[in-house]
Every structure is written in structure tokens, then in C-alpha cells.
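As C-alpha cells, the structure follows; a few thoughts come after it.
Ligands are counted one by one from 1 in listed order, and the atoms in each one are counted from 1 as well.
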Amino acid sequence: MKLIDIQAVCTRIKSITSDWTEKPIIVVDNTVMSSYFQRPLSLGADVVMHSLSKYMNGHSDVLMGALILSDEELYRKLNFFQMAVGVTSSPFDCYLVLRGLKTLHVRMREHEKNSLEVARFLEQHPGCVKVNHPGLPSHPHYELGKRQMDGYSGLLSFYIKGKLDDVKRFISKLKIIAFAASLGGYESVCEIPMTSSQRHTPVGCMESWEITPSLVRLSVGLEDVKDLKRDLGQALDYMLSVQSSTEPVADSKNSEL
Ligand SMILES: Cc1ncc(COP(=O)(O)O)c(C=O)c1O
């Protein structure tokens, strides 16, 4: 959930490589923001990458990606590579993404509204130590976010008051929010980065990136936010109530735990 000043990085790279004959290609993965909230080409990037499987499609029913660029020569090279290797998308997946894109603006505004409300709720909850959401004034890159983006997605992370077992207890009690590593869909999902999406990160990096056993990532979906807050609240309350006991991790809908 840390932000990078794209314009500053691009300006710096371009200034130190201005006399190189082979220029570096600056690529920004814009998956988390979607093209509705952030447009890196206008901030100096050469290529924008999207996992269209996430917000751009938004319905968790497609696996697809895209590269967006404004350089004709680079486009031709990539297009040749795509045809030669055969990594083209199926017509049906293209249809689904095009269909999803028609509601991107409405979905993103709703993801933003819901995630901000959930973030504020978590920030107040005694079971939560810290919430990472760039739309919270407490976020270290809050000012950059306001300058660089037009809004916030549904993604946030938070540190639970406790250890990995407490996190597992908390997740096992969630009724609406599923335990899954994806993001950007209509439905809310959460995961434990240390054991899931970031499990291959070297230990040293985990420490410096503050990926601890108590960190939870949450992709806030389009459900009624009252239901989401109630779900998170009851699971956190349960976790706090059994924290000092030796109760085993309970079984539930999130049984993969
Ligand atoms: C930020 C980001 N970029 C790219 C990807 C890759 O997406 P896909 O699984 O659709 O290839 C992911 C997947 O989680 C992601 O989170």
C-alpha cells in the first residue's frame, strides 16, 4: 500500500539516461488503481500494464492482461511478439472485459467509498493496530496520493493486534468476506500476505516492507458497507475475546485456513 511518485521517478530516469542510445522503458503496473483513477502515461511512463482480471473487468470471471502504450515502434515489436508466441485473448474474454469496462467508473467510485469507510472503521477498532489506506490522512503518502490519483481503489491492508494464529482465528470467523488472494472483484476478499501473495518474498525484504504475520490484505468489494463492517467487527471481537486462550482455529466458510 506504499505509493511511488511516478512523475518524479520518470523525470529522474529520463534525466540520468538522456544520453544513452538504448533508452530504458518505464513500465507501471496500474492494476490496483485502474485507468479510472490513475493514468501513468500522462505522468511519464512508457508502458502501462494491467491485470484486466482485477478492477478493469471487475467480475472475477476472466484471466486477461493488457499493455497500454503510445509508442508506435514499441507497439509493433510487442504485437509481433504476441502473435509469434500466441498469447492472444479469447473473443469471449474480450467481450467480458469490454462489458465490465462500461461500468468501471461506477464500480471504482463504490470501491473507493466502501474501502474508505471500512478503513476508518478498522482504524477505530481495538483489534486493529494500524490501517494502510492511502486515503487516510494517517498514511505517509496521503499528499502524494491526492496529487497523483483521482481516487482510491478497494484495496487496503491492516495489522491485527496479535500473531498469525489470531489472524487465522479472525479470518475463520468472517461470514461474508472470503479468504482468497485476488483483488478488484465485486466481492470482498482477504488474505495473509506473508503466507499467500508474498510468500516467496525474501525474509529481509519482508521485514523492510513491513510484511509481518499480523498483516491482512483486504480487497473491499461492492457489498453493502454496513454488512462488511459488521462482519469485520464480529470477527475482530471474537479474536480479541479468545486471544489469551488456547482455543484452536475454528472451522468456518474459510476452511482453507
Ligand atoms: C498488482 C498486480 N499486477 C498483476 C497481477 C497479475 O495478474 P494475473 O493473475 O491476472 O496475471 C496481479 C495479480 O494478483 C496483481 O495483483
### Task
Give a yes or no on this: more than 12 heavy atoms of other residues, nucleotides or ligands lie within 6.0 Å of atom NZ of Lys163.
no
### Message
Between Leu136 and Arg120, is the side-chain contact (heavy atoms from CB on, under 4.5 Å) condition met? List the steps.
### Response
CA-CA 8 Å; Leu136 293 178; Arg120 290 190 197 110; 3.9 Å; yes
### Query
Which of parallel (below 30°), tilted (30 to 60°) and perpendicular (above 60°) describes Tyr55 and His111?
perpendicular
### Query
Per the side-chain contact (heavy atoms from CB on, under 4.5 Å) rule, which among Leu236, Leu228, Leu232 passes with Leu174?
Leu232
#### Entry: Where ligand 1 meets Ser53 - atom numbers and elements under 4.0 angstrom, heavy-atom basis
10 (O)
### Query
For ligand 1, which part of Leu183 has a heavy atom less than 4.0 Å away: the side chain, the backbone, both, or neither?
side chain
### Identity and separation of the nearest protein heavy atom to atom 14 (O) of ligand 1
Lys54 NZ, 3.2 Å
## Note on the structure
ligand 1 to Met49, heavy atom cutoff 4.0 Å, flagged ligand atoms 4 (C)
### Summary
Among non-hydrogen protein atoms, atom 2 (C) of ligand 1 lies closest to Asp29 OD2, 3.4 Å
### Query
Do His133 and Ser115 have a side chain donor and acceptor closer than 3.5 Å?
yes
### Message
I want to confirm something. Looking only at heavy atoms, which of Ala181, Ser182, Ser51 is nearest to atom 5 (C) of ligand 1?
### Response
Ser51
